[in-house]
Amino acid sequence: MIEVTDLIKTYRSPIKFRNPIKRIILRSYVHHEALKGLSFRIDTNEIVGLVGPNGAGKTSLMKILSGILYPTSGMVRVLNKIPFSKEPQFLKQIAFIMGHKNQLMWELPVSDTLRLNKEIYEIPDRKYNKVCGELIDLLDASDFIDRPVKTLSLGQRMRAELIAALIHSPKVLFLDEPMIGLDIFAQSQIISFLKEYNKHFQATILLSSHHMPDIQKLAKRIIVIQNGSILYDGSLQHMITSDSQLKTLTVVLSKKINVKNLQLPPNASVNYRYPLLTIKVEKKLIEKVLHSLLKQIEYVDMTIENETLDDILARKLNAK
Amino acid sequence: MRHIRLFWLLTTFSLKKTLMNPMSIVILLVGKFLRFGMFFLFVWYLMTYTKVLSGFTPNQVLLFYLTFMIVDTFAQFMFREVSRFKRLLVSGEFDSILLKPHHPFLRILVGGMDIVDLVLLCLYVGLAVYFISQLTSVSFVHILLYMALLMNAFVIVASIHIAILSLGILMTEVENSIMIYRDVTRLGMFPIDMYQKLLQFILTFVLPVGIMITVPVKGLLNVLDPSWYWISLFCALALLLSSNLFWRFSLKYYQSWGG
């Protein structure tokens with residue numbers, strides 16, 4: 001479905017001399033390698049999370065996979081096609097949704113953009129009416145479909161954007177920060193929709209987001225990119241269980257305590273504000289700490305949590 | 001066929017957007033009529049005193065001016081979207097155009113036809129027809145040749161706009177390129193025979209204003225060497241080919257701004 005081998009992307013930007021005449025005459029460039037020999041494969045119907053800090057190369061990678069950008073070197077095949085050749089048959093099977101950009105016609109109603117996309121993707125009337133109706137229902141968009149885009153809220157616009165991008169039932173979806181700026185209701189609506197879409201259309205989804213809970217809810221596999229190189233490519237669950245080094249113990253106390261008197265391992269981090277006591281300890285010590293703690297405190301509730309994906313990733317990225 | 005359908009749909013949407021602000025259409029039209037009227041009167045007045053300009057009579061000079069206006073207004077009518085290309089580039093909206101299974105020119109070159117300019121274009125064509133009918137030595141064949149050479153000029157105009165778009169991708173600069181194009185074409189308001197030989201050469205083979213405006217009118221007036229038909233056809237095809245190659249080259253260096 002998606003095959004990438006030794007992908008390199010280099011951007012060039014002009015060196016800015018102070019002297020404007022020099023700038024014009026001695027036009028020279030500085031080269032910046034955004035992707036440094038990436039290789040991976042994504043199969044049909046997979047949902048893969050693409051994570052990494054700003055400037056890691058996530059968007060560049062998705063733009064190359066969709067055919068917007070030309071790779072400097074390496075092999076890229078999506079749906080057995082070379083994306084940059086922009087064959088109409090290829091473009092009819094993909095969609096790229098960018099959270100901070102839109103393809104909707106600003107002054108006109110959403111329905112006009114849908115009509116335009118119907119013509120662009122040559123969707124027969126019957127299929128258009130069916131898919132459009134399904135998407136409008138799934139995304140609860142019937143109220144605003146005939147309103148000019150400029151009058152919509154961000155959440156409504158994102159939902160309209162999804163309808164416009166998926167009207168041709170693409171097999172591969174590239175989603176770049178699709179939840180940016182959305183409230184939790186809109187986010188959960190879009191997450192359930194994407195799950196449903198993946199199931200219904202057997203679609204492959206590559207999702208980039210800085211919001212880890214979105215990735216956790218959707219993807220089973222993640223690719224972590226930093227400085228244009230792949231840091232991790234594998235199961236999300238495996239990364240959480242194998243890379244998680246700390247456990248967080250949260251206790252709701254029924255009686256005040258003196259923290260200094262608690263007998264805990266020296267490297268445990270303690271945060272106490274009655275009635276909440278939070279202790280972060282190494283995973284291997286949690287049983288011992290728990291056993292000892294139960295003898296020292298009186299409590300009404302207690303939870304033990306793994307490290308969050310954000311924490312694991314932050315440590316992984318900082319270690320590099 | 002599909003591209004024609006899409007073109008009409010985009011034109012309908014463009015018209016819909018324009019009609020959302022009727023007052024601006026009125027003001028724009030009044031401004032353009034005034035500018036054209038004043039200059040037309042100026043040329044008329046000038047020619048009543050000089051009688052002959054580079055061997056052309058007042059009516060013939062007005063035909064040069066009207067042909068310039070037709071070519072210039074055609075460019076604005078058809079390729080208005082080019083002037084909005086920078087906004088699409090810097091906002092990154094151009095990305096979503098590249099992802100569509102149609103040629104991007106459908107959107108960024110001819111995707112925003114300006115109805116206001118169509119009104120003016122009709123006026124200029126009407127006036128040109130009137131002045132042509134006043135000429136005594138014009139045959140039907142010459143009128144056909146004039147129209148063919150005008151088509152040739154439109155191909156050159158399209159090629160120049162494609163080159164401007166390509167330059168936009170490489171330099172993120174569009175408005176100034178359009179201004180340079182329009183300033184240079186203004187040199188063709190009058191027959192380029194009135195300029196010095198070196199400038200005539202530049203305006204023919206480097207910046208083909210002469211081929212766009214002077215050659216069609218001279219063809220109409222039957223004062224054109226037949227070799228010029230082939231030269232102008234060759235120029236138009238060469239420009240169309242090279243601007244398309246330039247477009248493909250620029251796409252390879254497109255950096256997709258706006259994140």
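Each chain gets a letter, A, B and so on, in the order the sequences are listed, and its residues count up from 1.
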**Request:** Provide the closest heavy-atom pair for Leu6(B) versus Leu116(A) in the form atom of the first, atom of the second, distance.
**Result:** CD2-CD1, 3.9 Å
**Prompt:** Looking only at heavy atoms, which two atoms of Ser256(B) and Lys63(A) are closest? And how far apart?
**Reply:** OG-NZ, 2.5 Å
**Asked** More than 12 non-hydrogen atoms from neighbouring residues, nucleotides or ligands closer than 6.0 Å to OH on Tyr70(A), yes or no?
**Response** no
**Asked** Is Glu122(A) paired with Arg2(B) through a side-chain N to carboxylate O contact shorter than 4.0 Å?
**Response** yes
**Full working for side-chain contact (heavy atoms from CB on, under 4.5 Å) between Lys17(B) and Trp106(A)** = CA-CA 10 Å; Lys17(B) 281 186 229 173; Trp106(A) 188 249; over 6 Å; no
**Request:** Return the option, out of His168(A), Gln89(A), Arg12(A), with the maximum number of heavy-atom pairs under 4.5 Å with chain B.
**Result:** Arg12(A)
**Proximal component of Phe84(A), with respect to chain B [non-hydrogen, under 4.5 Å]** = side chain
**Fill in**
Among residues 235-254 of chain B, those lying within the under-4.5 Å heavy-atom range of chain A are Leu251(B), Lys252(B), Tyr253(B), Tyr254(B)
**Message:** At a 4.5 Å cut-off on heavy atoms, which part of Ile97(A) comes close to chain B: side chain, backbone, both, or neither?
**Reply:** neither
**Complete:** d(Ser91(B) OG, Lys101(A) NZ) to nearest 0.5 Å is 7.5 Å
**Item:** Side-chain heavy atoms of Tyr121(A) within contact of Pro101(B), under 4.5 Å
**Value:** yes
**Asked** Around Phe234(B), counting heavy atoms of other residues, nucleotides and ligands shown, do more than 12 lie under 6.0 Å from its CZ?
**Response** no
**Message:** Measuring from atom CG of Leu98(B) to atom OG of Ser66(A), what distance do you get when rounded to the nearest 0.5 angstrom?
**Reply:** 9.0 Å
**Prompt:** What distance do Ile68(A) atom CD1 and Asp95(B) atom CG have between them, rounded to the nearest 0.5 Å?
**Reply:** 4.0 Å
**Item:** Structural part of Leu9(B) lying under 4.5 Å from a heavy atom of chain A
**Value:** side chain
**Prompt:** More than 12 non-hydrogen atoms from neighbouring residues, nucleotides or ligands closer than 6.0 Å to CZ on Arg115(A), yes or no?
**Reply:** no
**Asked** Residue by residue, which of residues 190-202 of chain B have a heavy atom closer than 4.5 Å to a heavy atom belonging to chain A?
**Response** none
**Asked** Where on Asn117(A) is there a heavy atom nearer than 4.5 Å to chain B: the side chain, the backbone, both, or neither?
**Response** side chain
**Whether over 12 other heavy atoms sit under 6.0 Å from Met75(A) CE** = yes
**Request:** Look at Met20(B), Lys16(B), Lys100(B) and state which one has the largest set of heavy-atom pairs under 4.5 Å with chain A.
**Result:** Lys100(B)
